[in-house]
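These figures come from a predicted structure and were not determined experimentally. All residue numbers in this chain count up from 1 along the given sequence. We count ligands from 1, going down the list as the structure has it; atoms in each ligand are counted the same way.
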Amino acid sequence: MPRRKKMMPVAPASMPLRKSDKTPSRLLGMKDWVGAEGAYFDNLVQQARKFAKLYSFSPVKTPVLETYDLYKKSVRRNADKEFYAIDGDKSERMILRPEITQGIIRAYLENNLPETGRASRLYSVGPIFRREKLQTGHYRESTQFNMEILGDHKPLAEALLITVAHNFFSELQIKTQVQINSLGNAECRREYCAKLLAFYRERGRRSKLCRSCQNNMGKNCLSLLDCKEDDCVKARAEAPQIADHLPAESREHFTKTLEFLDELNIGYNFNPYLVRGLNYYNDTVFEFWPVNDDGSILGKTALAGGGRYDSLVEQLGGLPTPAVGLAIGLERTLARVRDKQLLTGAAEDDIVFIAQLGEPARLKSLQLFDELRHAGFNVRQSFVSDSLKIQLEEAVAMRAKTSLILGRKEIMDGTILMRDMDSGAQETVVYKKIKERLSRKDKLVEKKFNNRKEGGLYGGF
Ligand code: HAM
């Protein structure tokens with residue numbers, strides 16, 4: 001009698017695995033991506049990369065840890081307290097990047113990436129770290145899909161970035177509205193701030209502001225405009241607007257940007273209070289806010305934000321280089337995707353799923369998986385479940401076109417069962433002929449589609 005192998009005890013799925021409250025848990029403001037959520041998030045990242053490629057952005061991957069100096073000059077206002085800063089060797093101060101933009105610029109300069117005769121379009125997807133106040137939609141580690149156009153001063157660059165984000169959200173069926181404003185240049189902002197401060201000092205308005213705005217008044221006047229406190233929102237209603245203080249060049253740039261958005265049919269809201277919390281912007285700034293089906297604002301927690309920053313590259317040690325960029329927050333985006341099927345690879349219509357039953361079939365199916373993958377088929381397999389029912393459920397969930405089923409009997413007969421997932425029809429195919437049979441099936445589908453194109457449904461193209 002063969003002896004049974006001794007199995008390691010495994011806790012049933014419903015039983016807690018942590019021994020006590022002292023077992024380490026994740027830090028506050030951090031998130032685990034597990035189970036279906038992990039798969040959705042992964043697909044969202046893939047979607048981001050697909051979009052970046054589609055619009056000719058080149059990938060860059062920069063370190064998560066950068067020098068503190070890279071960020072200290074160009075940070076968000078009052079953001080030092082949001083930094084995760086670390087003292088490294090030789091007392092070099094380091095920082096877990098709070099945004100990706102500066103890292104991309106550093107890499108652009110350090111690796112001499114400027115392209116002759118055209119702007120550089122760079123993108124990166126990765127984590128950022130901010131020691132944020134704990135509240136919904138604000139994580140201390142979050143993921144940004146970041147796109148930068150370096151070396152382009154034209155308003156079409158803004159329009160392109162807004163288009164990419166607009167289409168990215170549309171494809172995920174997320175309704176958004178673009179909030180847009182212009183911050184002009186440094187000189188006009190200085191003049192405007194003087195006017196704004198004078199306004200708040202008149203008629204005892206200052207005393208009605210929240211404590212933080214009262215403290216910030218001398219330090220950064222623009223933050224007075226984006227405070228969310230009721231009293232501050234009321235007070236700013238009569239405040240002077242920066243749009244009335246823009247120099248001719250900035251006004252022209254902004255008008256052109258809005259005209260492009262009109263032509264592209266992208267709705268926007270001119271928001272004179274949108275100032276963005278970062279120090280480096282000039283001219284156009286914009287955010288994507290989620291909206292309800294009727295177009296009303298769903299919340300002011302932006303899904304994406306960006307703008308033009310024509311002085312930052314020079315500030316970071318490069319030659320003067322006009323630039324504009326955008327970052328989409330992937331955690332906030334995923335939270336707004338209602339139909340998660342959109343993130344299950346549903347766009348692929350040619351998936352071949354291999355299901356197996358029993359130990360010998362398991363091994364054989366792994367070989368088949370590699371063989372079909374090398375032959376160019378879009379092949380999938382459940383590497384976690386041995387239950388045929390669960391495997392076929394997975395095939396349905398990923399909308400596989402065909403399932404190949406391999407069991408003990410098929411292995412003995414040198415065959416495989418091929419199941420059409422739409423009709424449920426099954427046929428037994430000789431194992432060695434499977435690639436040929438799959439290709440024939442593909443051609444048949446193609447032919448059916450072409451017939452429809454020529455005749456009925458798609459006629460006229
Ligand atoms: P930001 O507005 O700070 O801009 O961030 C962009 C997006 O990242 C936000 O709209 C949000 O979706 C997401 N995000 C930021 N912080 C968090 C957080 N704590 N938790 C969850 N999501 C978050 C920037 O970072 C600029 N660097 C964008 C840019 C690129 N400007 C020019 N180029």
Is there at least one pair of N or O atoms, one from Arg276 and one from ligand 1, spaced under 3.5 Å apart?
yes
Report the relative orientation of the aromatic rings in Tyr84 and Phe129; use parallel for angles under 30°, tilted for 30 to 60°, perpendicular for over 60°.
perpendicular
Cation over ring face, Arg205 and Phe199, 6.0 Å, 45°
yes
Would Tyr281 count as being in polar contact with ligand 1, using the rule that some N or O on each side must be under 3.5 angstrom apart?
yes
Looking only at distances, can you tell me whether any N or O atom of Arg140, backbone or side chain, sits closer than 3.5 Å to an N or O atom of ligand 1?
no
Polar proximity ligand 1 side, Gly306 side, N/O cut 3.5 Å exclusive:
no
Provide the number and element of each atom of ligand 1 under 4.0 Å from a heavy atom of Glu148.
30 (C), 32 (C), 33 (N)
Can you check whether Leu303 has an N/O within less than 3.5 Å of an N/O in ligand 1?
yes
With heavy-atom distances below 4.0 Å as the criterion, list the atoms of ligand 1 near Tyr280.
26 (C), 27 (N), 31 (N)
Begin with the C-alpha distance, continue with both residues' side-chain angles, and end with the deciding distance and a verdict on side-chain contact (heavy atoms from CB on, under 4.5 Å) for Leu258 and Ile180.
CA-CA 9 Å; Leu258 299 184; Ile180 194 163; 3.8 Å; yes
Give a yes or no on this: more than 12 heavy atoms of other residues, nucleotides or ligands lie within 6.0 Å of atom CD of Glu202.
yes
Could you tell me if the ring centre of Phe51 sits under 6.0 Å from that of Phe145?
no
With a heavy-atom distance limit of 4.0 Å, tell me whether Ala302 approaches ligand 1 through its side chain, its backbone, both, or neither.
both
Can you check whether Lys175 reaches Arg336 side chain to side chain, under 4.5 Å on heavy atoms?
no
Could you list which atoms of ligand 1 come closer than 4.0 Å to a heavy atom of His138?
20 (N)
Which of the atoms in ligand 1, numbered in the order shown and given with their element, are less than 4.0 Å from a heavy-atom of Ser142?
17 (C), 18 (C), 20 (N), 21 (C), 22 (N), 23 (C)
Where the closest heavy atom to atom 20 (N) of ligand 1 is concerned, which of Phe288, Trp289, Tyr139 has it?
Tyr139
Contact (N/O only, under 3.5 Å) between Glu331 and ligand 1:
no
When you compare the side chain of Tyr71 with that of Pro98, does any pair of heavy atoms fall below 4.5 Å?
yes
Ligand 1 and Ile328, any nitrogen or oxygen pair closer than 3.5 angstrom?
no
If we set the cut-off at 4.0 Å for heavy atoms, which region of Thr333 has an atom near ligand 1: side chain, backbone, both, or neither?
neither
For residues Thr402 and Phe353, determine if any side-chain heavy atom of one lies less than 4.5 Å from a side-chain heavy atom of the other.
no
Carboxylate-amine/guanidinium proximity below 4.0 Å for Asp283 and Arg276:
no
With a 4.0 Å heavy-atom cut-off (strictly under), which part of Glu287 contacts ligand 1: side chain, backbone, both or neither?
neither
In terms of the angle between their ring planes, are Tyr192 and His245 parallel, tilted or perpendicular, with boundaries placed at 30° and 60°?
tilted
Start with the C-alpha distance between Lys389 and Glu393, add both sets of side-chain angles, then the distance that settles salt bridge (Lys or Arg N to Asp or Glu O under 4.0 Å), and finish with yes or no.
CA-CA 6 Å; Lys389 183 169 172 278; Glu393 277 169 6; 3.2 Å; yes
Does only the side chain of Ile100 get under 4.0 Å from ligand 1, or the backbone, or both, or neither? Count heavy atoms.
neither
Glu132 neighbourhood, listing ligand 1 atoms whose heavy-atom distance to it stays under 4.0 Å
16 (N), 18 (C), 19 (N)
For Tyr309, atoms of ligand 1 separated by under 4.0 Å from a heavy atom
32 (C), 33 (N)
Backbone, side chain, both or neither: what part of Gln144 comes under 4.0 angstrom of ligand 1, heavy atoms only?
side chain
Cys pair Cys227, Cys210: SG separation below 2.5 Å:
no
